[in-house]
Enquirer: 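Before anything else, here's the structure in question.
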Amino acid sequence: MNIEQILADKTKEALNALYNGEVATISFEKTNPLFIGDFTLVVFNFLKLSKKKPEETANDLGNYLKTNVAEIVDFNVVKGFLNLVVSDSYWLTYLKSIQNKPFISSELPADAPVVMVEYSSPNTNKPLHLGHVRNNLLGYSVAEILKAAGNKVVKTNIVNDRGIHICKSMLAWQKWGNGETPESSGMKGDHLVGKYYVSFDKNYKSQISDCKLKGMSDEDAEKNAPLMLEIKEMLLKWEQGDSDVRALWKMMNDWVYKGFEVSYKMMGVDFDKTYYESNTYLLGKNIIDDGLASGVLKRREDNSVYIDLTADGLDEKTLLRSDGTSLYMTQDLGTARQRYEENKFEILIFTVGNEQDYHFKVLILILNKLGYDWAKGLHHLSYGMVELPDGKMKSREGTVVDADDLMEEMIKTAAATTKELGKVEHLSVEEAEKLYKTIGMGALKYFILKVDPKKKMLFNPAESIDFNGNTAPFIMFNYVRVRAMLRKATDAGVYDEKNLISEDITILPKEKELIIKLYSFNSTLKEAANGFSPALIANYVYDLAKEFSQYYHDTPVLKEENKAIMNFRLHFSKTIGDAINSSMKLLGIEVPERM
RNA sequence: GAUCCCAUAGCUCAGCUGGAUAGAGCAACGGUUUUCUAAACCGUAGGCCUUUGGUUCGAAUCCAAAUGGGAUCACCA
């Protein structure tokens, strides 16, 4: 049983014994560093029971806990705050109990709930950009966190591989591509396709202005520009299964997938199941039938189907066109049900940007209204846009930060910095390349994940991502210090791996602080899992690394003359290193052994 | 017009379910290396937590309104 639980139980007991009263839940907080103690109990809530002043109440409880809880060696009272001091031996025993045990259990309980995390969901008409990077990193990290918290996680990706936007790239390539391929051009497939998407848009825009010069309204110009008419025809042919159009579609999508594969690999993300919208876009009509039968959905005179959400403060939402064809919402209803039927998930998380908050609110509400029990487990993991200093990214205007470019840039910067610091002398070329990638990608991932997902974030490409301060390289650096010490100690034969910690060690204040930090790993993981928030893990691991850095600076380890103390500090440092490594893994960040 | 999200140091961000004197990093200024990796450590300076009301023993945190910023509100995806 952990110390907080013991304290909570004993406090309840105390309230009963002293004041004959009861309180439902009692929670302790970490003592503010300005005061002496490890845990603090705020007693204001108990004054009604004690009918005494805050100080007296705190003293009563403090005395009770000190005499009745072996782990409590001292306490002090400041106003209504009872600060409790936990014995060093408790913390030592705790540290011993986690020695050489993984922070994250690799085994799942047999009855682990299934959680699906859907993320990435790219379009196949253009390459990935910075917004997708945030999406991928978030989704992957949340999946890792949920897995570590004891869930059976299924990572899924739904590829938006059909529709009018894909036809744009296809038509442009057909018209102006001269048979260009990734091989002939040397371009990555997704970039090549994206190039034609941009050129379509450029030509389309100039046609619109031509039409407007001829006196058309904005709306008519957009609808009647020759390219738009051709696109519509192409989409129709695609839907009818025209073999030429389908062949072109397949060829170009395959180029894109090959490109995405490279980007995903570089990002270090992967998927257990990939769905394609071309296979699922017709789903959902059976749900409509059920909904009509139960009266939740209604049919208009023109035969279109809708749901009235005005009572919930939302609008009327159309779910089926008057011609009977389905809409974005229709297919999302269908795919959600398909997911449930295939996976029987407890929770399904959609990692999608906050511009779709409304869509997901409606989607989840409709499924609940339709009476699906599993709809309670749906959750939209919404994240803010990544903004550039001069406004938001627009792919059509070319003001995007391309994901591949960004990653390459990060790795280059990592290489330059590493060389500048003279850290590559003992590394082979392959090792050095690997290190640059680890550092560069780690810095990028940490930079993005440390920000609360729901907030929009600013990315300034001119100021490349920092490597000092609250960054992944700083955290890695502290891990590397631990590993270097352990290597040296092992080589010198002074590291006793079996005899962990002897009892008579006096722990330093900083050591105690760090042990308490290690102790909070599990509660942090739980919070991160409940809140789907990698940022909590990022903050945790930074605090841990920062405190360790201070400790490392002030406290000799290998230079310590007392062998027992040296061995303790080695084990202690190793455990910190393990915690750093595990935390970083939850963020999808690898740590190097040297840097 | 309606709905949703955001507002904390010059800049980028923490601050969990309300708790004691609001924290980091960057930038600025000063210091630390014969000592386990200085991508480090220490110090100085920098705040009406957007504003106004309310709830409370206690509010950056909860509620309401205002202001500013962003997003969304198609028989598009």
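The structure displayed is predicted, hence computed values, not measured ones. Chain identifiers are assigned alphabetically (A, B, ...) following the order of the sequence lines, protein sequences preceding nucleic acid strands; residue numbering begins at 1 within each chain.
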Enquirer: Would you mind reading off the distance between A:Asp452 atom CG and B:A14 atom P, rounded to a whole angstrom?
Expert: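 Going from A:Asp452 (CG) to B:A14 (P), I get 6 Å.
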Enquirer: From the set B:C36, B:G15, B:C73, return the single nucleotide nearest to any side-chain atom of A:Leu536.
Expert: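 Of the options given, the side chain of A:Leu536 lies nearest B:G15.
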Enquirer: What's the gap between B:U17 and B:C62 when it is taken at their C1' atoms, as a whole Å value?
Expert: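 Taking atom C1' in both B:U17 and B:C62, they lie 11 Å apart.
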Enquirer: In sequence, state the C-alpha distance, the side-chain angles, and the governing distance for A:Val482 and A:Phe572, and then conclude on side chain to side chain contact (heavy atoms under 4.5 Å, CB included).
Expert: CA-CA 10 Å; A:Val482 170; A:Phe572 170 69; over 6 Å; no
Enquirer: May I ask you to say whether A:Glu513 pairs ionically with A:Lys517, meaning some side-chain N is under 4.0 Å from a carboxylate O?
Expert: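 Between A:Lys517 and A:Glu513 there is no salt bridge, as every charged N stays at least 4.0 Å from the carboxylate O atoms.
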Enquirer: With nearest nucleotide decided by heavy atoms, which residue, A:Lys30 or A:His359, maps closer to the 5′ end of RNA chain B?
Expert: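 Checking each residue's closest nucleotide, the 5'-ward one belongs to A:Lys30.
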Enquirer: Take the protein atom CG of A:Asn160 and the nucleotide atom C1' of B:C76, then report the distance between them rounded to whole Å.
Expert: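 Roughly 12 Å, once rounded to whole Å.
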Enquirer: Does the pair A:Glu511 and A:Tyr551 meet the rule for a side chain to side chain contact (heavy atoms under 4.5 Å, CB included), with working shown?
Expert: CA-CA 8 Å; A:Glu511 285 167 346; A:Tyr551 172 77; 2.6 Å; yes
Enquirer: All N/O contacts under 3.5 Å from nucleotides 28-30 of chain B to the protein, with atom names and distances to one decimal?
Expert:
none

Enquirer: Do you see a donor-acceptor pair shorter than 3.5 Å between the side chains of A:Tyr19 and A:Asp60?
Expert: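 On atom types as modelled, these side chains qualify, holding a pair under 3.5 Å.
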Enquirer: Over how many whole Å does the gap from A:Met228 atom CE to B:C76 atom P extend?
Expert: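 That distance rounds to 13 Å.
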Enquirer: Distance check, P atoms only: B:C16 and B:U56, in whole angstrom units.
Expert: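 The answer is 23 Å between these two P atoms.
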Enquirer: Between the side-chain atoms of A:Thr40 and the base atoms of B:A20, is any donor-acceptor pair under 3.5 Å?
Expert: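 Side chain to base: pair found, below 3.5 Å.
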Enquirer: Under a 3.5 Å cutoff, is there a donor and acceptor pairing between the side chains of A:Asp38 and A:Thr31?
Expert: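 Checked: A:Asp38/A:Thr31 side chains show no N/O donor-acceptor pair below 3.5 Å.
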Enquirer: For a quick test of reading the model: is some side-chain N or O of A:Arg487 closer than 4.0 Å to OP1 or OP2 of B:C36?
Expert: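 Answer no for this pair, as no side-chain N or O of A:Arg487 is under 4.0 Å from OP1 or OP2.
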Enquirer: For Watson-Crick and G-U wobble pairs within 3.5 Å on both distances, what is RNA chain B written in dot-bracket notation, | included for inter-strand pairing?
Expert: (((((((..((((.....[...)))).(((((.......))))).....(((((..]....))))))))))))....
Enquirer: Heavy atoms under 4.0 Å, any strand shown: does A:Asn83 hit a base, just sugar-phosphate, or nothing?
Expert: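 Touches a base.
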Enquirer: Can you pull the side-chain hydrogen bond (donor to acceptor under 3.5 Å, both in side chains) pairs that have at least one residue in residues 320-334 of chain A, sequence neighbours excluded?
Expert: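 Checked against side-chain hydrogen bond (donor to acceptor under 3.5 Å, both in side chains) - neighbours excluded - the pairs reaching residues 320-334 of chain A are A:Arg321-A:Thr325, A:Asp323-A:Thr325, A:Tyr328-A:Gln356, A:Asp332-A:His359.
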Enquirer: Would you name the heavy atoms of A:Tyr197 and A:Ser169 that are closest together and state the gap between them?
Expert: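 In this case the closest contact between A:Tyr197 and A:Ser169 is CB-OG, 3.3 Å.
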Enquirer: Is it the case that the ring center of A:Phe532 lies less than 6.0 angstrom away from the ring center of A:His379?
Expert: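 Ring-ring flag for A:His379/A:Phe532: true, centres closer than 6.0 Å.
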Enquirer: So if I define the base as every atom that isn't primed, P, OP1 or OP2, how would nucleotides 54-68 of chain B read as a B/S/- string at a heavy-atom cutoff under 4.0 Å?
Expert: ---B-----------
Enquirer: Expressed in angstrom and rounded to an integer, what is the separation of A:Ile164 atom CD1 from B:A77 atom C1'?
Expert: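 Going from CD1 in A:Ile164 over to C1' in B:A77 covers 10 Å.
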Enquirer: Is the backbone of A:Ala535 close enough, under 3.5 Å, to the side chain of A:Asn539 for a donor and an acceptor to pair up by distance?
Expert: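 Here the side-chain-to-backbone pair exists.
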Enquirer: May I ask you to check whether A:Phe350 and A:Phe360 place their ring centers less than 6.0 Å from one another?
Expert: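 Ring centres of A:Phe360 and A:Phe350 closer than 6.0 Å.
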Enquirer: Could you give the CG-to-P distance, from A:Leu427 to B:U37, as a whole number of Å?
Expert: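 Checked: the CG to P distance equals 15 Å.
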Enquirer: Inspect the surroundings of CD1 in A:Ile36 and state if more than 12 heavy atoms from other residues, nucleotides or ligands are less than 6.0 Å away.
Expert: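 Incorrect, the count does not exceed 12.
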Enquirer: Let me know the distance between CD of A:Glu277 and C1' of B:A77, rounded to the nearest Å.
Expert: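 Nearest whole value for this atom pair: 7 Å.
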Enquirer: Between C1' on B:C36 and NE2 on A:His571, what's the gap in Å once rounded to a whole number?
Expert: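 Value for this atom pair: 17 Å.
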Enquirer: Quote, to the nearest angstrom, the P distance that separates B:C13 from B:C6.
Expert: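 Result for the P pair: 14 Å, nearest Å.
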Enquirer: Tell me what A:Thr555 touches on the nucleic acid: a base, only sugar-phosphate, or nothing, going by heavy atoms under 4.0 Å.
Expert: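 Base contact.
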Enquirer: Side-chain contact, heavy-atom cut-off 4.5 Å: A:Val451 with A:Arg134?
Expert: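 Yes - at least one pair of side-chain heavy atoms lies under 4.5 Å apart.
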Enquirer: Give me the distance, rounded to whole Å, that separates B:U61 from B:U8 when you measure between the P atoms they each carry.
Expert: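 Straight-line distance between the two P atoms is 13 Å.
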Enquirer: Which nucleotides of nucleotides 39-45 of chain B have their base under 4.0 Å from a protein heavy atom (B), which only their sugar-phosphate (S), and which neither (-), written as one string 5' to 3'?
Expert: BSSS---
Enquirer: Which whole number of Å gives the distance between the C1' atom of B:C49 and that of B:G23?
Expert: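 It comes out at 12 Å once rounded to the nearest Å.
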Enquirer: When you compare B:G18 with B:C63, how far apart are their P atoms, in angstrom units rounded to a whole number?
Expert: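 About 11 Å, rounded to a whole number of Å.
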Enquirer: Show the distances under 3.5 angstrom between N or O atoms of the protein and N or O atoms of nucleotides 2-12 of chain B.
Expert:
from: B:A7; atom 1: OP1; to: A:Lys455; atom 2: NZ; distance (Å): 3.1

Enquirer: For A:Tyr281, does its backbone N or O pair with a side-chain atom of A:Arg162 as donor and acceptor, under 3.5 Å?
Expert: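 No, A:Arg162 side chain to A:Tyr281 backbone: no donor-acceptor pair under 3.5 Å.
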Enquirer: So, for A:Val494 and A:Leu570, which heavy atoms are closest and what is the spacing to 0.1 Å?
Expert: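 Closest approach of A:Val494 to A:Leu570, heavy atoms only: O-CD1, 4.4 Å.
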Enquirer: Would you mind classifying the nucleic acid contact of A:Tyr306 as base, sugar-phosphate or nothing, using non-hydrogen atoms under 4.0 angstrom?
Expert: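 Result for A:Tyr306 = nothing.
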Enquirer: Quick one: do the A:Asn160 and A:Asn123 side chains pair a donor with an acceptor below 3.5 Å?
Expert: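 Yes, side-chain donor-acceptor contact under 3.5 Å.
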Enquirer: For B:G47 and B:A24, measure between their C1' atoms and round to the nearest Å.
Expert: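 Per the computed distance, 15 Å lies between those C1' atoms.
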Enquirer: Can you classify the ring geometry of A:Tyr495 versus A:His571 as parallel (below 30°), tilted (30 to 60°) or perpendicular (above 60°)?
Expert: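 The rings of A:Tyr495 and A:His571 sit tilted, inter-plane angle from 30° to 60°.
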Enquirer: Base, sugar-phosphate or nothing for A:Val480? Non-hydrogen atoms, less than 4.0 Å.
Expert: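 Since a base atom lies under 4.0 Å of A:Val480, the category is base.
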Enquirer: In whole angstrom, what separates A:Tyr281's OH from B:C76's C1'?
Expert: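 These atoms are roughly 16 Å apart.
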Enquirer: Check whether the side chains of A:Asn157 and A:Tyr275 place a donor and an acceptor atom closer than 3.5 Å, and report yes or no.
Expert: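 No.
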Enquirer: Say you pick atom C1' in B:U72 and the same atom in B:A9; how far apart are they, in whole Å?
Expert: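 B:U72 and B:A9 have their C1' atoms separated by 33 Å.
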Enquirer: In plain terms, say whether A:Lys285 and A:Asp289 are close enough for a salt bridge, that is, a side-chain N and a carboxylate O under 4.0 Å apart.
Expert: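 Here A:Lys285 does not pair with A:Asp289 in a salt bridge, since their nearest N and O are not under 4.0 Å apart.
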Enquirer: Taking the nucleotide of RNA chain B with the nearest heavy atom to each, does A:Glu355 or A:Leu82 sit closer to the 5' end?
Expert: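 Looking at the nearest nucleotide for each, A:Leu82 comes out on the 5' side.
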